[in-house]
Structures are given as C-alpha cells and as structure tokens.
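The block underneath contains the structure these notes are about, expressed in structure tokens.
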Amino acid sequence: MTNISFTFSITRFCLTAILIFFAPSTAKARNLTQPFKRVYAFGDAETDTGNTKSSTGPTIFRFASDHPYGKTFFGHPTNRYSDGRLMIDFVAENLSLPYLAPYLDEKADKSHGVNFAFAGSTALTRNFFVNNNLTLDITTVSLQTQLSWFDEFLESERCKSSPSMLGCKAEYINDALFWVGEIGANDYAYSYRSSVPTKTIQELATNDVIDFLQALLNKGAKYILVQGLHPTGCLTLSMAVTPANDRDNMGCAATVNNRIYAHNTILQAKLNELREKFPQAIIVYADYWTAFQHVLQNPGEYGFDERFKACCGSDGGTYNFNILFPCGSPPSTACDNPSKYINWDGGHLTEAMYKVMARLFITGAFCDPPWSHLISKKMQSE
Ligand SMILES: *[C@@H]1O[C@H](CO)[C@@H](O)[C@H](O)[C@H]1NC(C)=O
Ligand SMILES: *[C@@H]1O[C@H](CO)[C@@H](O)[C@H](O)[C@H]1NC(C)=O
Ligand SMILES: *[C@@H]1O[C@H](CO)[C@@H](O)[C@H](O)[C@H]1NC(C)=O
C-alpha cells in the first residue's frame with residue numbers, strides 16, 4: 001500500500017516535472033532554427049539593403065544602383081553596395097529569416113524586421129559637419145535619423161492600432177535582435193584632412209553611438225550586437241589616395257587605420273560601462289577589425305587572391321580605382337571572379353568577404369560575448 005502510493009506520487013511528480021519542462025516550449029512553439037522572429041538593422045552602406053538610391057548616396061559611388069552591382073547573387077542591382085549579399089543578409093539566412101526589408105521601401109513586408117541602415121550615414125549628426133564646413137558629399141542621415149525612423153515605424157505604423165502600446169512594444173522590441181552594423185567610418189572619411197581634431201571626432205562619434213544604444217536599451221532592447229569598424233585604411237580607396245610611405249604593419253594606410261583603431265578602443269570601453277548599466281541585456285561587440293585583419297593575413301585560407309585591388313573599377317594597375325570613373329560608370333569594368341577579391345568597388349567589400357565576415361562572427365572567436373551565447377540566452381528566455 002505504502003509502496004503503491006509512493007510509486008504513484010513519484011510518477012505524479014515526474015509527470016508534473018515533465019509538464020513544467022515542456023510546457024513553455026509547446027505554449028510558445030519555439031523554433032530552434034529561428035531564434036529571433038525579428039531583426040532591426042542600423043548602419044551605413046555596409047548594412048544598407050536598399051534604403052539609398054544612387055542619387056541620395058555618396059557621390060563617389062553614384063552608380064551603385066546600376067549594373068554590375070548585384071551581379072553575383074541577385075543578377076541585377078538591388079541598391080546594395082556590393083556584387084551580392086551583405087553581412088546582414090547572411091545573418092538573416094542563418095536565422096532562417098527573409099532578407100530584411102529596407103525601411104524606405106513602403107511596399108516591403110516588414111513583419112520580420114526592418115533595415116534602417118543608409119549609405120553614407122554618420123554617427124555624428126549633420127549639424128556637426130555643417131558647423132565645421134564639412135558638408136561636401138555628406139548625406140543628411142545620421143544614426144539619430146535612423147533612430148527616429150525606428151520610432152516612427154513602431155509608433156506610427158506597427159503599434160498604432162494595437163490596444164496596448166506597451167504590449168506591442170514589448171513584442172516588437174524585447175524579443176528582437178538589434179544589429180548595429182558599422183557606423184562612424186564615414187565620420188572620419190568626411191573630416192579627413194580637416195582642421196577638426198581627430199580626438200574630437202573620436203569622443204563625439206563614440207558618444208553618439210552609445211547614446212543611440214542607450215536609447216534602444218531604454219525602450220527595452222535586450223539583444224544587441226554592435227560592430228566595431230574594420231580597418232578602413234585597407235580599403236582600395238584609402239590606399240589609392242594616401243602616399244605609399246603611409247603604411248602600417250598590415251600594409252594599409254596608417255593614418256586612416258590609427259584613427260579607426262582608436263575609435264574601436266574607445267567604443268569598447270564605453271560598451272563596458274553600458275553593460276554595467278544594463279545588466280539584463282546582452283550587448284555583443286563584433287570585432288570587425290580583428291576579423292578583417294585575420295583574413296588579410298590569411299587570404300588564401302578564404303579563397304582570396306586580391307587583398308587591395310578593387311574588382312570593379314577603371315584604370316587597372318595596382319588598385320583598379322579611379323575616383324572620377326568609379327564602378328558602374330561607363331569606362332569601368334568588373335572582374336570575372338569577385339570571390340577572389342576582398343574589395344568590390346574601392347569603398348565596399350565583395351559578397352565573398354561579407355560572407356566570410358558573417359561566418360567568422362557567427363562561428364568564430366570574434367564576438368564578445370560569442371554569438372552562441374546570445375542565441376542560447378534568447379532560447380533560455382522562452
Ligand atoms: C547558422 O550557423 C550555425 C553555426 O555555424 C550553424 O550551426 C547553423 O546550421 C546555421 N543555420 C542556418 C539555418 O544556416
Ligand atoms: C522553423 O522555422 C523554419 C524557418 O522559418 C521553418 O522552415 C521550419 O519549418 C520551422 N520548424 C517548425 C517545427 O516550426
Ligand atoms: C565656415 O565657413 C565660414 C564662411 O566661410 C566661416 O566664417 C567659418 O569660420 C567657418 N567655420 C569653421 C569652423 O571653419
């Protein structure tokens with residue numbers, strides 16, 4: 001009798017335990033291949049999947065809406081500044097989500113997230129550049145603009161007819177991944193050789209990135225990935241316009257790279273402060289600099305023959321880059337094998353390089369904390 005009742009209660013205990021163990025997953029129908037239902041992306045041309053048309057983007061790359069942009073993957077131009085997919089596209093693939101809809105495309109399906117990134121964007125607001133007479137070739141769109149687009153999207157579109165603004169925001173913010181792509185590289189490019197001290201840009205630009213992140217965190221963002229800047233002194237454009245004796249240990253433009261490196265260092269210190277302030281959030285730093293450097297130092301391992309020469313451009317030579325006749329302009333031509341090139345058009349990378357970078361972030365040791373930590377924290381929360 002005692003035995004039977006003991007067995008019974010053990011069984012009941014186990015059943016209850018099993019039910020508790022499984023109940024949350026069945027209730028929320030969690031899908032292991034799709035940890036996030038929504039992704040919001042921000043950044044510059046490296047993340048822009050179509051917000052910029054060539055007429056509104058940086059004038060050097062004014063042919064980015066034309067052939068041969070997009071030729072490798074899409075077969076036609078998509079307003080991406082590459083021959084194919086960008087990092088964020090590979091990330092979407094890995095998360096089993098459709099490619100993110102550009103915010104400015106009114107007809108696009110935005111149910112799985114939105115891309116607010118805009119080519120030419122800066123971390124600093126336009127006022128900074130206007131006040132310093134640095135307005136040549138500068139878009140009006142800053143990170144602040146992208147944040148206001150995000151607010152508009154949620155408050156004016158997505159949550160407008162929702163009975164509870166708070167509940168709606170929770171669904172659209174707490175559970176989403178925020179991918180903050182490269183931002184700040186243009187700030188240095190626009191002020192290069194100006195009288196504005198580099199330290200000023202470093203201090204203000206990293207502050208603007210942190211203010212932006214803090215605004216997202218205050219709205220309830222819990223999963224954020226922030227990319228550092230890659231060594232932009234290794235871009236064809238930087239190499240072509242700097243003297244041959246201005247080189248660092250990677251063989252790239254040293255004056256440009258030194259500024260970018262310092263920016264990343266300052267940014268990481270400020271991210272640490274932010275993590276202390278928002279311990280409930282996961283803030284991943286994607287070390288774009290080190291991942292890029294790793295590939296530059298081991299190009300063959302990733303199938304690259306050309307580290308510095310642009311695939312698409314004019315003039316051939318060491319760099320195949322002429323600022324007056326950029327990729328897409330009538331005299332330019334594109335190489336037959338972009339996957340052997342790191343650089344696509346002088347200022348942006350090939351699909352092949354973006355694919356390698358996305359893979360290194362997802363599987364490699366270049367994210368802190370690792371990408372897998374972000375994913376498992378998200379899974380545990382369900
Ligand atoms: C995403 O990347 C992880 C890590 O490499 C891999 O295990 C997984 O299969 C990928 N998922 C998809 C859908 O590609
Ligand atoms: C999980 O999501 C993927 C991508 O949306 C889908 O193909 C798959 O059928 C889903 N699996 C389940 C069990 O819902
Ligand atoms: C910007 O240009 C105006 C007009 O030439 C000049 O008065 C002003 O001092 C300049 N500002 C800076 C910060 O160089």
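Nothing fancy with the numbering, it's 1 onward along the sequence. Ligands are counted one by one from 1 in listed order, and the atoms in each one are counted from 1 as well.
- In this model, C335 has its SG atom within less than 2.5 Å of the SG atom of C311.
- With respect to D89 and R80, a salt bridge is recorded, a charged nitrogen being found less than 4.0 Å from a carboxylate O.
- Residues satisfying the salt bridge (Lys or Arg N to Asp or Glu O under 4.0 Å) test with K378, not counting sequence neighbours, are E382.
- With respect to E152 and R158, no salt bridge is recorded, no charged nitrogen being found less than 4.0 Å from a carboxylate O.
- In the vicinity of T363, heavy-atom distances shorter than 4.0 Å reach the ligand 1 atoms 4 (C), 5 (O).
- Every protein residue with a heavy atom nearer than 4.0 Å to ligand 3 is included here: N131, N133.
- Under a 4.0 Å heavy-atom criterion, I362 is in contact with ligand 1.
- With hydrogens and angles left out, the side-chain atoms of Y354 and H348 include no donor and acceptor closer than 3.5 Å.
- In this structure, S121 contributes its side chain and V141 its backbone to a donor-acceptor pair below 3.5 Å.
- Under a 3.5 Å cut-off, the side chain of E306 and the backbone N or O of Y341 do not form any donor-acceptor pair.
- Each of the atoms 1 (C), 2 (O), 3 (C), 8 (C), 10 (C), 11 (N), 12 (C), 13 (C), 14 (O) of ligand 1 lies under 4.0 Å from some heavy atom of N94.
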